[in-house]
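Scroll down for the structure; my scribbles are underneath it.
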Amino acid sequence: MSYRSIYRTLRPVLSSSVQSSGLGIGGFRGHLISHLPNVRLLSSDTSSPVSGNNQPENPIRTADGKVISTYWGIPPTKITKPDGSAWKWNCFQPWDSYKPDVSIDVTKHHKPSNFTDKFAYWTVQTLKIPVQLFFQRKHMCHAMLLETVAAVPGMVGGMLLHLKSLRRFEHSGGWIKALLEEAENERMHLMTFIELSQPKWYERAIVFTVQGVFFNAYFLAYVISPKLAHRITGYLEEEAVNSYTEFLKDIDAGKFENSPAPAIAIDYWRLPKDATLRDVVYVIRADEAHHRDINHYASDIQFKGHELKEAPAPIGYH
């Protein structure tokens, strides 16, 4: 609704009083507008402030130079590295990067001790059979499929805990953030592998199908039994650790090229500039081992009859 529309609306009602006060219509319009500083908020006009060349005053530009409007007042961010060079990633920020803890024991295994554990364990063992038959030693393709699936449990668990927290008006003990951190970390694994290898059309089709089925199955599993869902994820992460161990063996044996690490991996894990693919796989395996421990820990808490909120969440525990 513009100034002119407001004026036209008010004119029939106020014209007589305006004339009697000695103000002209034009004078009253100026007087009225000067006392309505927030009338601009009623307008549906969303044009940006422009300079002489019809561009926003402080434009945000995409990588190919296209201008994104700054009408909503969100300033463009200019982030630099400690050495002063430009930060090139918008999928994560410098404060999201970290030094991975590679001292974690990658050989640990949760021995199934009850029916739920055994069901979770054999479910994972059954699911890995067709994956191994299809990918065999094609580690890069296997890793991309693995990461598109591995990022699902943290997101589903965090989402459902978030909704539970809202329904019950209670804290989550930090577990929402911990699980979403896990999902984000897994997604960054995928972004790294995408820099190294682009999946073929049929691999994308497999990912689309597997992720769709797994998301819905895991969602139902978490609704029915969160402790089962976390145990399944724990065993999935154990298999991920095993898979990356085999990847490292083939790199060390010269069966897979130890190419330079992509720039995104160097910045995300704060690796040295001369880091290689082996270094990347090594830190990713450590991440998967941490996710293994988080989910087995979450399942143990619930097996003992407690809710997750009763135990402090391992936030920042990649």
Side-chain angles (χ1 to χ4, degrees), residues 63 77 79-104 106 135 137-155 178-200 203-204 207 211 236-294 314-318:
T77 55
I79 302 173
T80 58
K81 298 180 183 180
D83 61 5
S85 59
W87 183 260
K88 63 182 294 185
W89 316 108
N90 59 12
C91 56
F92 74 102
Q93 303 298 337
W95 48 86
D96 297 319
S97 64
Y98 63 98
K99 277 284 188 181
D101 176 14
V102 295
S103 64
I104 189 170
V106 296
F135 290 106
R137 310 299 288 186
K138 294 187 291 185
H139 296 295
M140 198 65 71
C141 299
H142 187 189
M144 283 190 288
L145 174 65
L146 181 66
E147 299 303 343
T148 59
V149 172
V152 169
M155 182 59 66
L179 293 176
L180 293 181
E181 275 188 354
E182 176 188 319
E184 172 65 8
N185 183 244
E186 296 283 10
R187 190 186 65 84
M188 287 305 301
H189 293 176
L190 177 63
M191 296 299 102
T192 298
F193 285 121
I194 288 296
E195 294 290 322
L196 295 167
S197 176
Q198 289 294 328
K200 299 179 176 61
E203 291 167 343
R204 290 177 179 270
V207 166
Q211 188 186 80
L236 282 172
E237 297 296 354
E238 287 187 17
E239 291 303 323
V241 171
N242 295 337
S243 175
Y244 285 119
T245 298
E246 293 300 313
F247 199 164
L248 289 171
K249 287 180 180 179
D250 280 359
I251 292 176
D252 292 339
K255 297 179 180 179
F256 201 96
E257 181 185 359
N258 189 22
S259 57
I264 191 172
I266 292 174
D267 286 341
Y268 183 66
W269 284 284
R270 301 177 189 172
L271 298 173
K273 293 182 179 180
D274 60 349
T276 63
L277 174 61
R278 189 188 190 284
D279 299 319
V280 175
V281 175
Y282 194 69
V283 296
I284 288 178
R285 183 179 66 169
D287 286 349
E288 303 293 3
H290 284 87
H291 300 161
R292 170 202 65 194
D293 293 352
I294 289 175
I315 297 175
Y317 183 76
H318 291 289

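Index from 1, following the sequence. In what follows, every heavy atom counts, from backbone to side chain, and hydrogens, waters and symmetry copies are set aside.
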Side-chain heavy atoms of T192 within contact of E147, under 4.5 Å: no
T245 side chain vs V241 backbone, donor-acceptor pair below 3.5 Å: yes
Side-chain (D293) to main-chain (H290) donor-acceptor, under 3.5 angstrom: no
From CD (Q93) to CG (D267), nearest 0.5 Å: 11.5 Å
Side-chain donor/acceptor of R187 to backbone N/O of A151, under 3.5 Å: no
Heavy-atom pair with the smallest gap, counting every atom of L277 and E257: CD2-O, 3.5 Å
Side chains of R292 and I104 in contact at under 4.5 Å (non-hydrogen atoms): yes
Partner of H291 under side chain to side chain donor-acceptor pair (under 3.5 Å), chosen from E186, E181, E238: E186
Heavy-atom closest pair, residues A183 and G154: CB-C, 4.0 Å
Candidate pair Y244 and D287, rule side chain to side chain donor-acceptor pair (under 3.5 Å), full reasoning: CA-CA 11 Å; Y244 285 119; D287 286 349; over 6 Å; no
Spacing of CD1 belonging to I266 relative to OG belonging to S97, to within rounding of 0.5 Å: 12.5 Å
Short side-chain donor-acceptor distance under 3.5 Å, W269 and D279: no
Shortest non-hydrogen contact from A265 toward L271: O-CD1, 3.9 Å
M188 CE to D96 CG distance, which is reported to the nearest 0.5 Å: 8.5 Å
Greater than 12 external heavy atoms within 6.0 Å of F256's CZ: yes
Ionic contact status for E288 with R285, cut-off 4.0 Å: no
Pairing residues for S85 by the side chain to side chain contact (heavy atoms under 4.5 Å, CB included) criterion, not counting sequence neighbours: K81, D83
Close side-chain approach of W95 and I79, heavy atoms under 4.5 Å: yes
Atom pair CG/CG of L236 and L146 - distance to nearest 0.5 Å: 8.5 Å
Nearest heavy-atom neighbours spanning L196 and P260: CD2-O, 4.3 Å
Heavy-atom side-chain contact between Y268 and V283 under 4.5 Å: no
Over all atoms of both residues, closest heavy-atom pair of E195 and P262: CB-CB, 3.8 Å
Reported CG-to-CG distance for the pair N185 and L180, which is rounded to 0.5 angstrom: 12.5 Å
Plane angle bin for F247 and F193 - parallel if under 30°, tilted between 30 and 60°, otherwise perpendicular: parallel
CE on M191 to CH2 on W89, rounded to 0.5 Å: 11.5 Å
Validation row: Q211, V152 side chains within 4.5 angstrom (heavy atoms): yes
